A.B. asks: 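Pasting in a structure now, in structure tokens, and then I'll have a few things to ask.
If you're wondering where the values come from, they're calculated on a predicted model, not measured in any experiment. Computed from heavy atoms alone, side chains included, the values below leave out hydrogens, waters and symmetry copies.
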Amino acid sequence: MKTRILQVLAVLAAALVLLLAVAALTPIPRDDHPGPEAYGAGASSVQPSLTGLLRAFPPINDMGNTSTPQKVELGRLLFFDPVLSEEDDLSCAHCHHPDYGFADGLPQALGRGGVGAGPERSGGVSLARNTPGLWNAAFTSALFWDGRVDSLEYQALVPLNHADEMAVANNEALAAELRAIPQYVALFDAAFGGGAESVTAENAVRALAAFERTLLSQNSPFDRYAAGDLQALTPAQRRGLTLFRSAALRCFECHSAPTFAGDTFRVIGVPDAPGLPHDEGRAAVVADGVDGAFKIPTLRNVALTAPYMHNGVFGTLEEVIAFYEKGGGRAEGRTDIDPFLQGFDLTEQEKADLIAFLYALTDESALPEIPASVPSGLPVVGPIPNFARDIAEDVNAGSGGGQPPSGGGRTLTVQPGQTIQEVVDQAAPGDTILIPHGVYYERIVIDLNGITLLGVPNDAGEYPILDGRGELSDAVISSGNDFEIGYLHVRDYTDNGVIAEGVTGVYMHHIVAENTGTYGLYPVQSTDVLIEESVVSGANDAGIYAGQSLNVVVRDNEVYENVLGIELENVVNGEVYGNYAHDNTNGILIVLLPQLTSKVSVNTVIYDNRVENNNHENFAKANTAASKMPPGSGIALIAADEVEVYANVISGNKTAGLGIFNLTIAFDTAEIDIGPRPENVYIHDNQFADNGYDADEFLTAMGIPGADILWDISGAGVRVDQPDAVAFPPVLPTSRWPAPAYTLYWNLMNWLIGLLG
């Protein structure tokens with residue numbers, strides 16, 4: 001009997017050893033990260049330039065289908081030729097008509113069996129979605145409203161073979177029909193070589209794609225303004241541009257220049273079209289797609305492509321703005337709306353200004369000629385009047401031809417009776433503008449490069465005041481490169497203190513920002529950012545925020561009574577040191593958020609900061625990312641990679657001194673399009689005291705107690721050398737652990753977490 005027991009114990013011991021060996025040798029899963037060339041962080045401004053608004057277009061997505069004049073000409077003829085349809089009565093141009101921005105002017109497209117083209121089309125199969133325009137489709141890697149294909153070649157095949165559209169049942173039969181037309185044989189041979197053998201459906205869609213990649217809209221009034229012709233926009237359009245990139249509207253977060261489009265998918269809550277079933281959007285295409293999420297369309301030539309949205313439910317730009325003004329689907333009680341869409345309140349003049357700016361994105365200078373005939377001899381769509389063109393011509397009445405500002409290197413001083421903006425508008429790149437002590441009730445917009453905006457303190461050292469009176473949305477908006485601002489007191493704006501959007505070279509210093517709405521100091525999609533010696537309070541999101549930026553230094557600032565003291569969001573190469581973050585909801589947040597242009601948060605160091613008593617109630621706007629932050633957090637690292645935290649004093653934070661978490665703690669997995677795990681995080685030599693004494697219910701409800709350091713065991717390469725800190729889990733891996741021990745620990749802990757649910 002004793003021998004039998006020993007045998008069983010030996011088997012169990014062997015099994016345990018085997019289990020431990022498997023756990024020690026099973027690789028820890030790691031996130032897939034894009035390479036540095038695809039990080040997406042930082043400015044894309046063109047250098048040299050006069051303004052920071054001149055941005056580089058992304059590479060054309062040609063899928064290896066190198067364009068030639070012969071391919072383009074073949075594609076142009078095929079685009080207008082009904083021969084590509086099964087019944088020889090429907091061309092690409094019937095639904096993508098050049099006079100309507102290569103859309104069709106209908107709420108939903110009409111496919112097979114219809115009569116007419118563009119907005120004059122009637123009858124036939126009614127499709128579920130609005131026809132998207134084709135301008136600048138060359139730059140996108142997500143085609144159709146749901147992003148189901150990644151190239152124009154594949155996009156062309158879908159309507160070609162769809163039973164409700166061009167309905168070609170046999171691609172080889174189509175090729176045979178084309179081969180029977182001598183002119184097409186010659187055109188295919190010129191484009192691809194190989195005589196009649198080159199006439200294939202595959203080469204037809206390659207030629208169509210080559211033609212569509214010539215539909216580039218890059219010379220609108222906005223583009224000329226961005227290139228330095230400051231007379232290219234009317235005053236109303238300049239005001240509209242200001243609104244477009246303000247923190248109140250945040251249009252630029254999704255519709256970024258220069259494409260004014262995006263390849264991400266957002267839920268904005270567009271109502272279902274009457275008589276049509278609910279459209280799941282992205283959720284119907286990929287397993288992790290979000291219900292009701294659709295691709296961000298371009299705003300280039302948007303004035304020509306009404307009606308709007310994926311199902312065409314809004315007939316005018318005014319209706320679209322009214323929808324956004326109400327917070328999109330939030331007005332109908334939806335809670336899953338994109339956090340950037342918060343709603344706003346515009347005057348009628350501001351709405352008109354915003355629409356005027358959207359008209360400034362109109363450019364048809366590359367409009368191709370409609371062929372008088374096509375090789376098949378079938379009827380070709382003709383021109384169709386579009387009254388929106390006449391409106392665009394009237395609205396785009398900027399004189400243009402303005403001479404770029406000359407000079408530079410001057411010092412201009414705001415005189416009594418002048419506004420700051422008046423002096424800014426007189427400046428040239430390289431000028432410094434001095435603001436004497438006083439109170440200024442205005443919003444300032446700077447587009448020129450090399451502008452320095454400095455306050456002149458009085459004898460008591462008090463800064464000049466920019467006061468929004470609780471009415472103006474933003475104090476300063478700059479898109480000019482090499483932008484410096486300092487020695488100013490900014491207060492009582494509704495949405496933001498100082499914005500630097502898309503800027504290369506940002507220097508913000510000696511600024512007091514209080515009660516400025518969402519953010520105090522706010523560089524976004526910028527490169528080479530330094531923020532120092534400033535004091536920020538009262539922001540209902542982040543006091544100091546750097547988002548989707550490259551090379552950011554935040555040092556020697558004081559942030560207090562904000563929801564987030566300092567936030568680096570989707571930043572590459574961040575340095576946060578010498579700051580005093582106290583009495584915020586969260587002191588310092590390093591985070592990677594989904595559905596943004598920048599796809600990583602990587603290479604951040606946090607050191608020599610005092611992070612104390614960050615226990616303020618969370619007063620962020622509902623449904624924002626900031627609203628999910630529990631009070632009492634000192635430093636939070638969420639999905640951030642390659643982070644080092646050392647030599648900080650972290651004390652009195654009631655929930656946690658420092659937390660390291662997976663993004664799934666705050667977001668549904670269906671929303672996440674980036675690596676959600678925090679990886680390669682090193683915590684060492686910090687001073688912790690009195691943290692975690694009254695943890696927020698957000699954590700305790702999950703069975704997580706308060707502590708100096710919290711980790712959810714979700715990322716590889718997390719090391720903690722803090723022997724005296726109170727931690728959860730109680731044992732954390734240190735830098736001295738060998739790799740097998742770390743792997744064993746990680747796998748066993750995650751196995752236990754899985755058992756506990």
Side-chain angles (χ1 to χ4, degrees), residues 95-97 100-111 118-119 121 126-137 140 142-148 244 249-256 259-285 289-334 336-344 351 354-355 357-359 361-362 386 388 595:
C95 296
H96 294 283
H97 197 284
Y100 277 78
F102 288 94
D104 61 10
L106 297 171
Q108 296 95 37
L110 294 172
R121 189 166 178 77
S126 180
L127 305 178
R129 290 180 180 163
N130 179 258
T131 301
L134 296 178
W135 285 107
N136 288 357
T140 189
L143 280 301
F144 294 100
W145 283 102
D146 53 22
R148 73 183 75 171
F244 186 87
L249 275 63
R250 301 183 76 171
C251 307
F252 70 93
E253 296 273 13
C254 296
H255 297 281
S256 300
T259 62
F260 292 91
D263 282 338
T264 60
F265 303 88
R266 306 298 179 98
V267 177
I268 63 174
V270 174
D272 291 329
L276 290 178
H278 172 67
D279 192 333
E280 293 183 330
R282 188 66 174 164
V285 174
V290 179
D291 181 38
F294 294 92
K295 193 182 77 125
I296 300 167
T298 183
L299 298 181
R300 294 278 183 169
N301 287 322
V302 68
L304 307 177
T305 61
Y308 302 106
M309 303 303 183
H310 70 276
N311 53 10
V313 294
F314 300 134
T316 66
L317 290 172
E318 286 82 359
E319 291 178 32
V320 174
I321 290 173
F323 170 75
Y324 281 114
E325 189 174 26
K326 293 184 295 184
R330 295 190 199 284
E332 305 302 322
R334 292 193 60 168
D336 58 346
I337 303 303
D338 192 277
F340 284 143
L341 186 54
Q342 292 295 318
F344 46 81
K351 294 176 188 177
L354 181 58
I355 290 173
F357 169 67
L358 294 176
Y359 272 87
L361 299 176
T362 305
N386 187 344
Q595 301 296 333

A.B. asks: Compare every heavy atom of Ile321 with every heavy atom of Ile355, then report the nearest pair and how far apart it is.
C.D. replies: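 Here Ile355 and Ile321 meet closest at CG1-CD1, 3.4 Å.
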A.B. asks: Run the side-chain hydrogen bond (donor to acceptor under 3.5 Å, both in side chains) test against Arg330 and tell me which residues pass, sequence neighbours left out.
C.D. replies: none
A.B. asks: Can any side-chain N or O of His96 pair as donor or acceptor with the backbone N or O of Pro132 at less than 3.5 Å?
C.D. replies: yes
A.B. asks: Hey, is the main chain of Thr131 close enough, under 3.5 Å, to the side chain of Trp145 for a donor-acceptor pair?
C.D. replies: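 Checking the backbone N and O of Thr131 against the side chain of Trp145, no donor-acceptor pair under 3.5 Å is found.
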A.B. asks: Tell me the closest heavy-atom pair linking Leu106 and Asp104, and the distance in Å.
C.D. replies: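 Reported closest heavy-atom pair: N-OD1, 2.9 Å.
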A.B. asks: Just to verify, what does Asn136 make a side-chain hydrogen bond (donor to acceptor under 3.5 Å, both in side chains) with, not counting sequence neighbours?
C.D. replies: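 Counting only residues at least two positions away or on another chain, Asn136 forms no side-chain hydrogen bond (donor to acceptor under 3.5 Å, both in side chains).
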A.B. asks: Please check: side-chain N/O of Thr305 versus main-chain N/O of Ala103, any donor-acceptor pairing under 3.5 Å?
C.D. replies: no
A.B. asks: Which residue pairs satisfy the salt bridge (Lys or Arg N to Asp or Glu O under 4.0 Å) criterion with at least one member in residues 295-305, sequence neighbours excluded?
C.D. replies: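 Checked against salt bridge (Lys or Arg N to Asp or Glu O under 4.0 Å) - neighbours excluded - the pairs reaching residues 295-305 are Asp223-Arg300.
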A.B. asks: Taking only residues two or more places apart in sequence, or in another chain, which ones meet Phe244 in a ring-ring contact (aromatic ring centres under 6.0 Å, His included)?
C.D. replies: Phe260, Phe357
A.B. asks: Which heavy-atom pair separates Gln108 from Leu127 by the least distance, and what is that distance?
C.D. replies: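 So the two residues come closest at CB-O, 3.2 Å.
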A.B. asks: Holding to side-chain hydrogen bond (donor to acceptor under 3.5 Å, both in side chains), I want the full list of residues that pass it with Thr264, two or more places apart in sequence or in another chain.
C.D. replies: Arg266
A.B. asks: In chain order, what residues pass the ring-ring contact (aromatic ring centres under 6.0 Å, His included) check against Phe323, with sequence neighbours excluded?
C.D. replies: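 Per chain and number, Phe323 pairs via ring-ring contact (aromatic ring centres under 6.0 Å, His included) with Phe314.
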A.B. asks: Once salt bridge (Lys or Arg N to Asp or Glu O under 4.0 Å) is applied, do any residues pair with Asp279, and if so which ones, sequence neighbours excluded?
C.D. replies: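 Salt bridge (Lys or Arg N to Asp or Glu O under 4.0 Å) list for Asp279, sorted by chain: Arg129.
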A.B. asks: Run the ring-ring contact (aromatic ring centres under 6.0 Å, His included) test against Phe294 and tell me which residues pass, sequence neighbours left out.
C.D. replies: His310
A.B. asks: What's the spacing between Asn386 CG and Tyr100 OH if we round to 0.5 Å?
C.D. replies: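 Answer for the CG-OH pair, Asn386 versus Tyr100, is 4.0 Å.
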A.B. asks: With a 3.5 Å distance limit and no angle check, can you tell me whether Asp336 reaches the backbone of Val290 through a side-chain donor-acceptor pair?
C.D. replies: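 Not a single qualifying donor-acceptor pair exists.
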A.B. asks: Over all heavy atoms of both residues, which pair between Gly105 and Pro119 is shortest? Give the atoms and the distance, please.
C.D. replies: O-CB, 4.1 Å
A.B. asks: For Asp272, check salt bridge (Lys or Arg N to Asp or Glu O under 4.0 Å) against everything at least two apart and list the hits.
C.D. replies: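 Salt bridge (Lys or Arg N to Asp or Glu O under 4.0 Å) check on Asp272 returns nothing, list empty.
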A.B. asks: Check side chain to side chain contact (heavy atoms under 4.5 Å, CB included) between Ala283 and all other residues, then give those that pass, not counting sequence neighbours.
C.D. replies: Glu280, Asp291
A.B. asks: Among all residues two or more places apart in sequence or in another chain, which pass the side-chain hydrogen bond (donor to acceptor under 3.5 Å, both in side chains) test with Thr362?
C.D. replies: none
A.B. asks: Minimum heavy-atom separation for Pro307 and Gly312, please, with both atom names.
C.D. replies: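 Looks like CB-O, 3.6 Å.
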A.B. asks: My understanding is that only residues two or more places apart in sequence, or in another chain, count here; which of them pass side chain to side chain contact (heavy atoms under 4.5 Å, CB included) with Glu332?
C.D. replies: none
A.B. asks: Say whether, by atom type as modelled, one donor and one acceptor occur between the side chain of Tyr308 and the main chain of Val302 under 3.5 angstrom.
C.D. replies: yes
A.B. asks: Rounded to the nearest 0.5 Å, what separation is found between the CE atom of Met309 and the CD atom of Glu319?
C.D. replies: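 Reported value, rounded in 0.5 Å steps: 10.0 Å.
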A.B. asks: So, for Ala388 and Ala303, which heavy atoms are closest and what is the spacing to 0.1 Å?
C.D. replies: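 Smallest interatomic distance, heavy atoms only, reads CB-O, 3.2 Å.
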A.B. asks: Quick check for you: to the nearest 0.5 Å, what is the distance between Asn301 atom CG and Leu304 atom CG?
C.D. replies: 5.0 Å
